[in-house]
Student: 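What follows is a structure written as C-alpha coordinates; I'll ask about it next.
Numbering of ligands and ligand atoms starts at 1, following listing order. Numbers here are sequence positions counted from 1.
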Amino acid sequence: MTEKEPIRVVVAGPRGRMGSETIRMIAQSSNLTLVAAVDHGHDGERIEDLLGINGLSARIYADIDACFSQEQPDVLIDFTHPEVGKRNLQKAIDYGVRPVIGTSGFSNEEVENYRNQMDEKKLGGIIAPNFAIGAVLVMKFSQMAAKYFPDAEIIELHHDKKKDAPSGTAIKTAELMTKTRQSKKQGAPDEKETLAGARGADFDGMRIHSVRLPGLIAHQEVLFGGKGELLTLRHDSMDRTSFMTGVHYATNTVMNLDTLVYGLENILD
Ligand SMILES: NC(=O)C1=CN([C@@H]2O[C@H](COP(=O)(O)OP(=O)(O)OC[C@H]3O[C@@H](n4cnc5c(N)ncnc54)[C@H](OP(=O)(O)O)[C@@H]3O)[C@@H](O)[C@H]2O)C=CC1
Ligand SMILES: O=C(O)C1=N[C@H](C(=O)O)C[C@H](O)C1
(Lines give C-alpha, C1' and ligand atoms only; values in the text may rest on other atoms or scores of the structure.)
(Ligands and ions follow the chains in the order given, each with its own letter.)
Protein backbone atom coordinates (compact mmCIF):
# COMPACT_ATOMS: atom_id res chain seq x y z
CA MET A 1 0.00 0.00 0.00
CA THR A 2 1.42 3.44 -0.95
CA GLU A 3 1.43 6.22 1.66
CA LYS A 4 -0.34 9.44 0.56
CA GLU A 5 2.05 12.34 -0.04
CA PRO A 6 1.70 15.05 2.64
CA ILE A 7 0.00 18.31 1.60
CA ARG A 8 2.64 20.96 0.86
CA VAL A 9 1.73 24.13 2.78
CA VAL A 10 3.02 27.71 2.73
CA VAL A 11 2.05 29.99 5.65
CA ALA A 12 1.87 33.77 5.18
CA GLY A 13 2.33 35.77 8.39
CA PRO A 14 4.55 33.25 10.26
CA ARG A 15 5.55 35.65 13.08
CA GLY A 16 1.94 36.62 13.82
CA ARG A 17 -0.29 35.27 16.59
CA MET A 18 -2.25 33.02 14.19
CA GLY A 19 0.54 32.30 11.70
CA SER A 20 2.86 30.99 14.41
CA GLU A 21 0.08 28.87 15.95
CA THR A 22 -0.65 27.44 12.50
CA ILE A 23 3.00 26.50 12.05
CA ARG A 24 2.97 24.70 15.42
CA MET A 25 -0.17 22.83 14.28
CA ILE A 26 1.47 21.82 10.98
CA ALA A 27 4.60 20.64 12.82
CA GLN A 28 2.41 18.23 14.81
CA SER A 29 0.34 17.06 11.84
CA SER A 30 1.12 13.76 10.10
CA ASN A 31 -0.34 14.75 6.72
CA LEU A 32 0.74 18.40 6.34
CA THR A 33 4.24 19.61 5.63
CA LEU A 34 5.45 23.20 5.86
CA VAL A 35 7.48 23.89 2.71
CA ALA A 36 7.96 27.66 3.18
CA ALA A 37 6.61 30.82 4.77
CA VAL A 38 5.98 34.31 3.38
CA ASP A 39 6.90 37.32 5.49
CA HIS A 40 7.69 40.88 4.49
CA GLY A 41 11.01 40.66 6.32
CA HIS A 42 13.43 37.83 7.19
CA ASP A 43 13.99 36.75 3.57
CA GLY A 44 16.18 33.64 3.37
CA GLU A 45 15.94 32.82 7.09
CA ARG A 46 14.67 29.46 8.37
CA ILE A 47 11.48 28.98 10.39
CA GLU A 48 13.35 27.08 13.12
CA ASP A 49 15.60 30.09 13.68
CA LEU A 50 12.72 32.58 13.55
CA LEU A 51 10.27 30.71 15.80
CA GLY A 52 12.62 28.42 17.69
CA ILE A 53 10.77 25.27 16.56
CA ASN A 54 13.39 22.55 16.11
CA GLY A 55 13.43 20.60 12.86
CA LEU A 56 11.45 23.10 10.75
CA SER A 57 13.92 24.00 8.05
CA ALA A 58 11.31 25.66 5.78
CA ARG A 59 12.63 28.85 4.19
CA ILE A 60 11.08 32.30 4.55
CA TYR A 61 10.44 34.31 1.39
CA ALA A 62 9.74 38.04 1.22
CA ASP A 63 8.60 37.60 -2.40
CA ILE A 64 5.50 35.43 -2.80
CA ASP A 65 6.14 34.94 -6.55
CA ALA A 66 9.57 33.46 -5.81
CA CYS A 67 8.06 31.32 -3.06
CA PHE A 68 5.31 29.85 -5.25
CA SER A 69 7.49 29.27 -8.31
CA GLN A 70 10.33 27.62 -6.36
CA GLU A 71 8.35 25.63 -3.79
CA GLN A 72 5.21 24.71 -5.80
CA PRO A 73 2.97 24.32 -2.74
CA ASP A 74 -0.50 22.78 -2.73
CA VAL A 75 -2.00 25.21 -0.20
CA LEU A 76 -1.43 28.78 1.04
CA ILE A 77 -2.64 29.52 4.60
CA ASP A 78 -2.87 33.27 5.15
CA PHE A 79 -3.12 35.09 8.50
CA THR A 80 -1.79 38.56 7.73
CA HIS A 81 -3.57 41.90 7.31
CA PRO A 82 -6.65 42.59 5.17
CA GLU A 83 -4.86 44.26 2.21
CA VAL A 84 -2.00 41.73 2.29
CA GLY A 85 -4.43 38.80 2.46
CA LYS A 86 -6.16 40.01 -0.70
CA ARG A 87 -2.88 40.34 -2.60
CA ASN A 88 -1.75 36.90 -1.44
CA LEU A 89 -5.07 35.31 -2.40
CA GLN A 90 -4.79 36.78 -5.90
CA LYS A 91 -1.24 35.40 -6.20
CA ALA A 92 -2.44 31.97 -5.05
CA ILE A 93 -5.10 31.97 -7.78
CA ASP A 94 -2.54 33.06 -10.39
CA TYR A 95 -0.20 30.19 -9.43
CA GLY A 96 -2.94 27.56 -8.96
CA VAL A 97 -2.24 27.25 -5.19
CA ARG A 98 -5.32 26.46 -3.06
CA PRO A 99 -5.96 29.34 -0.62
CA VAL A 100 -7.04 28.87 3.01
CA ILE A 101 -7.63 32.45 4.14
CA GLY A 102 -8.27 33.34 7.78
CA THR A 103 -7.41 37.01 7.39
CA SER A 104 -10.47 39.21 7.89
CA GLY A 105 -11.72 42.07 5.73
CA PHE A 106 -13.26 40.46 2.61
CA SER A 107 -16.51 41.93 1.26
CA ASN A 108 -19.12 39.77 -0.48
CA GLU A 109 -18.27 41.44 -3.81
CA GLU A 110 -14.58 40.57 -3.39
CA VAL A 111 -15.41 36.97 -2.49
CA GLU A 112 -17.58 36.74 -5.62
CA ASN A 113 -14.77 38.09 -7.81
CA TYR A 114 -12.24 35.56 -6.45
CA ARG A 115 -14.80 32.75 -6.72
CA ASN A 116 -15.42 33.51 -10.41
CA GLN A 117 -11.69 33.35 -11.12
CA MET A 118 -11.33 30.10 -9.16
CA ASP A 119 -14.35 28.49 -10.83
CA GLU A 120 -12.69 29.11 -14.20
CA LYS A 121 -9.57 27.31 -12.99
CA LYS A 122 -11.52 24.70 -10.98
CA LEU A 123 -9.39 25.67 -8.01
CA GLY A 124 -10.54 24.85 -4.46
CA GLY A 125 -10.17 27.24 -1.54
CA ILE A 126 -11.80 28.77 1.50
CA ILE A 127 -12.12 32.16 3.17
CA ALA A 128 -13.28 31.62 6.75
CA PRO A 129 -13.92 34.58 9.07
CA ASN A 130 -13.62 32.16 12.00
CA PHE A 131 -12.09 28.66 12.15
CA ALA A 132 -13.30 27.83 15.68
CA ILE A 133 -16.07 25.22 15.53
CA GLY A 134 -17.99 26.81 18.42
CA ALA A 135 -17.93 30.23 16.77
CA VAL A 136 -19.29 28.71 13.56
CA LEU A 137 -22.08 27.03 15.53
CA VAL A 138 -23.01 30.38 17.15
CA MET A 139 -23.28 31.83 13.63
CA LYS A 140 -25.57 28.99 12.54
CA PHE A 141 -27.68 29.14 15.71
CA SER A 142 -27.94 32.93 15.28
CA GLN A 143 -29.25 32.43 11.76
CA MET A 144 -31.91 30.07 13.17
CA ALA A 145 -32.84 32.36 16.05
CA ALA A 146 -33.08 35.55 13.96
CA LYS A 147 -36.18 34.17 12.24
CA TYR A 148 -38.06 34.23 15.55
CA PHE A 149 -36.20 37.12 17.22
CA PRO A 150 -35.63 39.96 14.73
CA ASP A 151 -34.52 42.22 17.61
CA ALA A 152 -30.89 41.27 18.16
CA GLU A 153 -27.57 42.90 18.99
CA ILE A 154 -24.07 41.47 18.47
CA ILE A 155 -21.29 42.19 20.95
CA GLU A 156 -17.84 41.03 19.81
CA LEU A 157 -14.92 41.23 22.25
CA HIS A 158 -11.26 40.97 21.25
CA HIS A 159 -7.68 41.61 22.38
CA ASP A 160 -6.54 45.22 22.02
CA LYS A 161 -4.03 44.48 19.22
CA LYS A 162 -6.82 43.71 16.77
CA LYS A 163 -6.69 46.10 13.82
CA ASP A 164 -10.22 45.81 12.38
CA ALA A 165 -13.65 46.51 13.86
CA PRO A 166 -16.14 45.04 13.78
CA SER A 167 -14.64 41.55 13.57
CA GLY A 168 -15.03 39.46 10.43
CA THR A 169 -16.99 36.98 12.55
CA ALA A 170 -19.51 39.62 13.63
CA ILE A 171 -20.06 40.72 10.03
CA LYS A 172 -20.49 37.13 8.83
CA THR A 173 -22.91 36.44 11.72
CA ALA A 174 -24.97 39.51 10.78
CA GLU A 175 -24.95 38.47 7.10
CA LEU A 176 -26.24 34.99 7.98
CA MET A 177 -28.92 36.50 10.20
CA THR A 178 -30.22 38.67 7.34
CA LYS A 179 -31.17 35.41 5.56
CA THR A 180 -33.87 34.78 8.18
CA ARG A 181 -34.33 38.08 10.05
CA GLN A 182 -37.07 40.45 8.95
CA SER A 183 -35.29 43.71 8.20
CA LYS A 184 -36.06 46.34 10.84
CA LYS A 185 -34.57 49.36 12.55
CA GLN A 186 -34.27 48.48 16.21
CA GLY A 187 -34.62 50.60 19.32
CA ALA A 188 -37.03 53.46 19.94
CA PRO A 189 -38.00 55.24 16.69
CA ASP A 190 -37.04 58.55 18.28
CA GLU A 191 -33.87 57.37 20.08
CA LYS A 192 -30.98 59.84 20.05
CA GLU A 193 -27.29 59.24 20.74
CA THR A 194 -26.07 61.87 23.18
CA LEU A 195 -22.56 60.45 22.76
CA ALA A 196 -21.68 59.47 19.16
CA GLY A 197 -21.26 55.70 18.71
CA ALA A 198 -23.14 54.77 21.88
CA ARG A 199 -25.52 52.50 19.96
CA GLY A 200 -22.74 50.78 17.97
CA ALA A 201 -22.55 50.11 14.22
CA ASP A 202 -25.74 49.78 12.18
CA PHE A 203 -26.15 46.60 10.13
CA ASP A 204 -29.60 46.51 8.51
CA GLY A 205 -31.08 48.23 11.58
CA MET A 206 -29.35 45.78 13.99
CA ARG A 207 -26.46 46.95 16.18
CA ILE A 208 -22.91 45.57 16.41
CA HIS A 209 -20.65 46.58 19.33
CA SER A 210 -16.87 46.05 19.43
CA VAL A 211 -14.98 45.73 22.72
CA ARG A 212 -11.14 45.83 22.73
CA LEU A 213 -9.31 44.96 25.95
CA PRO A 214 -6.02 43.39 27.01
CA GLY A 215 -6.61 39.90 28.41
CA LEU A 216 -9.26 39.01 25.83
CA ILE A 217 -8.62 36.64 22.88
CA ALA A 218 -11.78 36.32 20.71
CA HIS A 219 -15.34 36.27 22.03
CA GLN A 220 -18.82 36.95 20.71
CA GLU A 221 -22.26 37.30 22.22
CA VAL A 222 -25.48 37.52 20.24
CA LEU A 223 -28.46 38.77 22.25
CA PHE A 224 -32.01 38.17 21.04
CA GLY A 225 -34.84 40.01 22.77
CA GLY A 226 -38.49 38.97 22.65
CA LYS A 227 -41.62 39.58 24.70
CA GLY A 228 -40.61 38.74 28.27
CA GLU A 229 -37.55 36.70 27.22
CA LEU A 230 -33.91 37.03 26.26
CA LEU A 231 -31.87 34.44 24.37
CA THR A 232 -28.07 34.77 24.64
CA LEU A 233 -25.62 32.85 22.43
CA ARG A 234 -21.98 33.17 23.43
CA HIS A 235 -18.68 31.73 22.26
CA ASP A 236 -15.22 32.21 23.81
CA SER A 237 -11.88 31.37 22.24
CA MET A 238 -9.66 31.07 25.33
CA ASP A 239 -6.62 30.17 23.27
CA ARG A 240 -5.62 30.31 19.58
CA THR A 241 -5.48 26.50 19.48
CA SER A 242 -9.30 26.84 19.26
CA PHE A 243 -8.91 27.79 15.59
CA MET A 244 -6.57 24.97 14.62
CA THR A 245 -9.03 22.09 14.21
CA GLY A 246 -10.81 24.21 11.62
CA VAL A 247 -7.60 25.30 9.87
CA HIS A 248 -6.42 21.68 9.64
CA TYR A 249 -9.81 20.47 8.41
CA ALA A 250 -10.02 23.26 5.80
CA THR A 251 -6.49 22.56 4.54
CA ASN A 252 -7.42 18.94 3.89
CA THR A 253 -10.82 19.79 2.42
CA VAL A 254 -9.65 22.36 -0.15
CA MET A 255 -7.66 19.57 -1.84
CA ASN A 256 -11.02 18.10 -2.93
CA LEU A 257 -12.86 21.32 -3.81
CA ASP A 258 -13.08 23.02 -7.21
CA THR A 259 -14.53 26.35 -6.06
CA LEU A 260 -14.06 29.01 -3.37
CA VAL A 261 -16.10 28.49 -0.21
CA TYR A 262 -16.88 31.44 2.09
CA GLY A 263 -17.31 30.24 5.69
CA LEU A 264 -16.27 27.05 7.45
CA GLU A 265 -19.95 26.17 7.99
CA ASN A 266 -20.20 25.36 4.28
CA ILE A 267 -17.72 22.47 4.47
CA LEU A 268 -18.66 20.99 7.86
CA ASP A 269 -20.62 17.71 7.70
N1 LIG B 1 -10.32 33.14 10.65
C2 LIG B 1 -9.96 32.99 11.92
O3 LIG B 1 -10.35 32.02 12.59
C4 LIG B 1 -9.09 34.02 12.55
C5 LIG B 1 -8.73 35.12 11.84
N6 LIG B 1 -7.91 36.04 12.37
C7 LIG B 1 -7.49 37.12 11.48
O8 LIG B 1 -6.18 36.80 11.03
C9 LIG B 1 -5.47 38.01 10.78
C10 LIG B 1 -4.16 37.97 11.56
O11 LIG B 1 -4.42 37.97 12.94
P12 LIG B 1 -3.24 37.88 14.01
O13 LIG B 1 -2.41 36.69 13.74
O14 LIG B 1 -3.85 38.09 15.33
O15 LIG B 1 -2.40 39.21 13.60
P16 LIG B 1 -0.85 39.52 13.81
O17 LIG B 1 -0.71 41.00 13.68
O18 LIG B 1 -0.38 38.85 15.06
O19 LIG B 1 -0.15 38.78 12.57
C20 LIG B 1 -0.11 39.26 11.26
C21 LIG B 1 1.27 39.00 10.74
O22 LIG B 1 1.32 39.27 9.34
C23 LIG B 1 2.56 39.91 9.09
N24 LIG B 1 2.59 40.57 7.79
C25 LIG B 1 2.35 41.87 7.50
N26 LIG B 1 2.52 42.08 6.19
C27 LIG B 1 2.89 40.89 5.65
C28 LIG B 1 3.22 40.47 4.35
N29 LIG B 1 3.21 41.32 3.31
N30 LIG B 1 3.55 39.17 4.16
C31 LIG B 1 3.55 38.32 5.17
N32 LIG B 1 3.27 38.65 6.45
C33 LIG B 1 2.93 39.94 6.66
C34 LIG B 1 2.73 40.85 10.27
O35 LIG B 1 4.04 41.32 10.38
P36 LIG B 1 4.28 42.79 11.03
O37 LIG B 1 3.78 42.71 12.42
O38 LIG B 1 5.79 42.96 10.93
O39 LIG B 1 3.53 43.74 10.16
C40 LIG B 1 2.34 39.89 11.41
O41 LIG B 1 3.42 39.09 11.80
C42 LIG B 1 -6.40 39.15 11.18
O43 LIG B 1 -7.05 39.63 10.02
C44 LIG B 1 -7.40 38.48 12.11
O45 LIG B 1 -8.63 39.13 12.13
C46 LIG B 1 -7.42 35.93 13.63
C47 LIG B 1 -7.78 34.86 14.42
C48 LIG B 1 -8.64 33.82 13.94
O1 LIG C 1 -8.22 39.22 15.17
C2 LIG C 1 -8.62 38.21 15.81
O3 LIG C 1 -8.08 37.84 16.86
C4 LIG C 1 -9.74 37.44 15.28
N5 LIG C 1 -10.20 37.76 14.10
C6 LIG C 1 -11.23 37.10 13.39
C7 LIG C 1 -12.38 38.05 13.16
O8 LIG C 1 -12.14 39.22 12.81
O9 LIG C 1 -13.53 37.64 13.30
C10 LIG C 1 -11.64 35.78 14.03
C11 LIG C 1 -11.59 35.76 15.52
O12 LIG C 1 -12.64 36.52 16.01
C13 LIG C 1 -10.26 36.28 16.03
Side-chain angles (χ1 to χ4, degrees), residues 10-25 36-43 45 47 50-51 60-68 76-92 99-107 125-139 154-176 201 208 210-222 234-251 261-265 267:
V10 162
V11 173
R15 283 175 298 115
R17 286 174 286 270
M18 284 299 289
S20 56
E21 193 64 50
T22 300
I23 288 173
R24 282 190 282 278
M25 179 275 285
V38 178
D39 198 339
H40 55 149
H42 305 274
D43 191 41
E45 291 182 26
I47 283 291
L50 190 74
L51 299 185
I60 297 161
Y61 290 81
D63 179 0
I64 198 166
D65 290 280
C67 176
F68 285 168
L76 165 73
I77 302 179
D78 189 286
F79 285 106
T80 56
H81 297 162
E83 287 320 307
V84 179
K86 284 169 201 164
R87 283 204 305 273
N88 289 349
L89 170 51
Q90 185 60 57
K91 288 287 181 192
V100 171
I101 309 292
T103 304
S104 42
F106 288 82
S107 68
I126 182 165
I127 299 174
N130 202 311
F131 281 108
I133 307 297
V136 172
L137 288 175
V138 165
M139 290 186 218
I154 299 176
I155 306 170
E156 55 93 344
L157 310 92
H158 282 83
H159 57 93
D160 62 348
K161 303 285 182 296
K162 184 163 176 60
K163 302 243 177 9
D164 53 322
S167 68
T169 305
I171 294 172
K172 179 76 173 161
T173 306
E175 284 172 1
L176 288 173
I208 304 180
S210 297
V211 178
R212 297 289 176 266
L213 284 173
L216 294 172
I217 301 273
H219 317 259
Q220 177 164 284
E221 236 176 60
V222 189
R234 181 174 173 115
H235 176 259
D236 297 276
S237 276
M238 311 294 204
D239 193 285
R240 289 186 178 82
T241 53
S242 61
F243 303 111
M244 291 304 130
T245 309
V247 175
H248 187 257
Y249 181 72
T251 306
V261 167
Y262 179 42
L264 190 68
E265 66 279 8
I267 58 168

Student: Give a yes or no answer on whether the side chain of Ser20 reaches the backbone of Arg15 with a donor-acceptor pair at less than 3.5 Å.
Tutor: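 No; judged by distance alone, with no hydrogens or angles, the pair does not exist.
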Student: When you measure from atom 44 (C) of ligand 1 to each heavy atom in Pro14, Gly168, Ser104, Ser242, which option holds the nearest one?
Tutor: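 The residue whose heavy atom sits nearest atom 44 (C) of ligand 1 is Ser104.
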Student: Consider every N or O of Pro129 and every N or O of ligand 1, then say whether any pair is closer than 3.5 Å.
Tutor: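 Yes: some nitrogen or oxygen of Pro129 is under 3.5 Å from one in ligand 1.
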Student: Which pairs would a plain distance check flag for residues 243-250, meaning a side-chain donor or acceptor within less than 3.5 Å of a matching protein atom at least two apart in sequence or in another chain?
Tutor:
from, atom 1, to, atom 2, distance (Å)
His248, NE2, Ser29, OG, 3.3
His248, NE2, Asn31, OD1, 3.1
Tyr249, OH, Ile267, O, 2.8

Student: Could you check atom 22 (O) of ligand 1 against the protein and tell me its nearest heavy-atom contact, residue, atom and distance included?
Tutor: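 The answer is Thr80 CA, 3.6 Å.
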Student: Of Gly85, Pro82, Ala218, Gly16, which has the heavy atom at the shortest distance from atom 19 (O) of ligand 1?
Tutor: Gly16
Student: Report, in ascending order of atom number, the atoms of ligand 1 lying under 4.0 Å from any heavy atom of Asn130.
Tutor: 1 (N), 2 (C), 3 (O)
Student: Where the side chain of Asp43 meets the backbone of Glu45, is there a donor-acceptor pair that is under 3.5 Å apart?
Tutor: no
Student: In terms of atom number and element, which parts of ligand 1 are under 4.0 angstrom from non-hydrogen atoms of Lys162?
Tutor: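 Checking each atom against Lys162, I get 45 (O).
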Student: For Ile208 and Ala174, work out which heavy atoms get closest and say how close.
Tutor: CD1-CB, 4.1 Å
Student: Closest by any non-hydrogen atom to atom 13 (O) of ligand 1: pick that one out of His158, Met18, His40.
Tutor: Met18
Student: Are the side chain of Thr80 and the backbone N or O of Gly13 linked by a donor-acceptor pair below 3.5 Å?
Tutor: no
Student: Which of the atoms in ligand 1, numbered in the order shown and given with their element, are less than 4.0 Å from a heavy-atom of Gly13?
Tutor: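 Reading through ligand 1 atom by atom, the close ones are 22 (O), 31 (C), 32 (N).
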Student: Has Lys172 got its NZ or CZ under 6.0 Å from the middle of the six-membered ring of Phe106, at an angle within 45 degrees of the ring axis?
Tutor: no
Student: Determine whether the side chain, the backbone, both or neither of Val84 has a heavy atom under 4.0 Å from any heavy atom of ligand 1.
Tutor: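 Side chain only; the backbone of Val84 stays clear of ligand 1.
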Student: Using only atom types and a distance under 3.5 Å, with no angle test, would you say the side chain of His42 pairs donor to acceptor with the backbone of His40?
Tutor: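 A pair under 3.5 Å: no.
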Student: Working to the nearest 0.5 angstrom, can you tell me the gap between Arg212 CZ and Glu156 CD?
Tutor: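 Separation between the atoms: 4.0 Å.
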Student: Identify the two heavy atoms, one from Ala132 and one from His235, that lie closest to each other, and give their separation to 0.1 Å.
Tutor: CB-CE1, 3.8 Å
Student: Please report the interatomic distance CD1(Ile23) to CD1(Ile77), rounded to the nearest 0.5 Å.
Tutor: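 With rounding to 0.5 Å, CD1 (Ile23) is 9.0 Å from CD1 (Ile77).
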Student: For the residue pair Gln220 / Thr173, report whether a side-chain donor-acceptor contact shorter than 3.5 Å exists.
Tutor: yes
Student: Which heavy atom of the protein is the closest neighbour of atom 17 (O) of ligand 1, given with residue, atom name and distance?
Tutor: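 Answer, as residue, atom name and distance: Arg17 NH2, 3.6 Å.
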Student: Checking the side chain of Lys86 only, and the main-chain atoms of Gly105 only, is there a donor and an acceptor separated by less than 3.5 Å?
Tutor: yes
Student: Under 4.0 Å from any heavy atom of Arg15, which atoms of ligand 1 are there?
Tutor: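 Once the distances to Arg15 are compared, the set is 35 (O), 36 (P), 38 (O), 41 (O).
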Student: Identify the closest protein heavy atom to atom 5 (C) of ligand 1: which residue and atom is it, and at what distance?
Tutor: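 Atom 5 (C) of ligand 1 sits closest to the protein heavy atom Gly102 O, 3.0 Å.
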Student: Please output the residues near ligand 2 using a strict heavy-atom distance under 4.0 Å, listed in chain and residue-number order.
Tutor: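 Its neighbours under 4.0 Å (heavy atoms only) are Ser104, Pro129, Asn130, His158, His159, Lys162, Asp164, Ser167, Gly168, Thr169, Ala218, Phe243, given by chain and number.
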Student: Can you tell me the protein heavy atom closest to atom 3 (O) of ligand 1 and the distance?
Tutor: Phe131 N, 2.8 Å
Student: Evaluate Ala128 for polar contact with ligand 1, using N/O atom pairs at a separation under 3.5 Å.
Tutor: yes
Student: Nearest protein heavy atom to atom 34 (C) of ligand 1, by residue and atom, and its distance?
Tutor: His81 NE2, 3.9 Å
Student: So which heavy atom in the protein is nearest atom 8 (O) of ligand 1, and how far is it from that ligand atom?
Tutor: Phe79 CD2, 3.4 Å
Student: Check for a donor-acceptor pair, side chain of His159 on one end and backbone N or O of Lys161 on the other, with a separation under 3.5 Å.
Tutor: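 Side chain of His159 to backbone of Lys161: a pair is present.
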Student: Under 4.0 Å from any heavy atom of Val38, which atoms of ligand 1 are there?
Tutor: 31 (C), 32 (N)
Student: So, for Ile127 and Leu89, which heavy atoms are closest and what is the spacing to 0.1 Å?
Tutor: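 Nearest pair, atom of Ile127 first, then Leu89: CD1-CD2, 3.9 Å.
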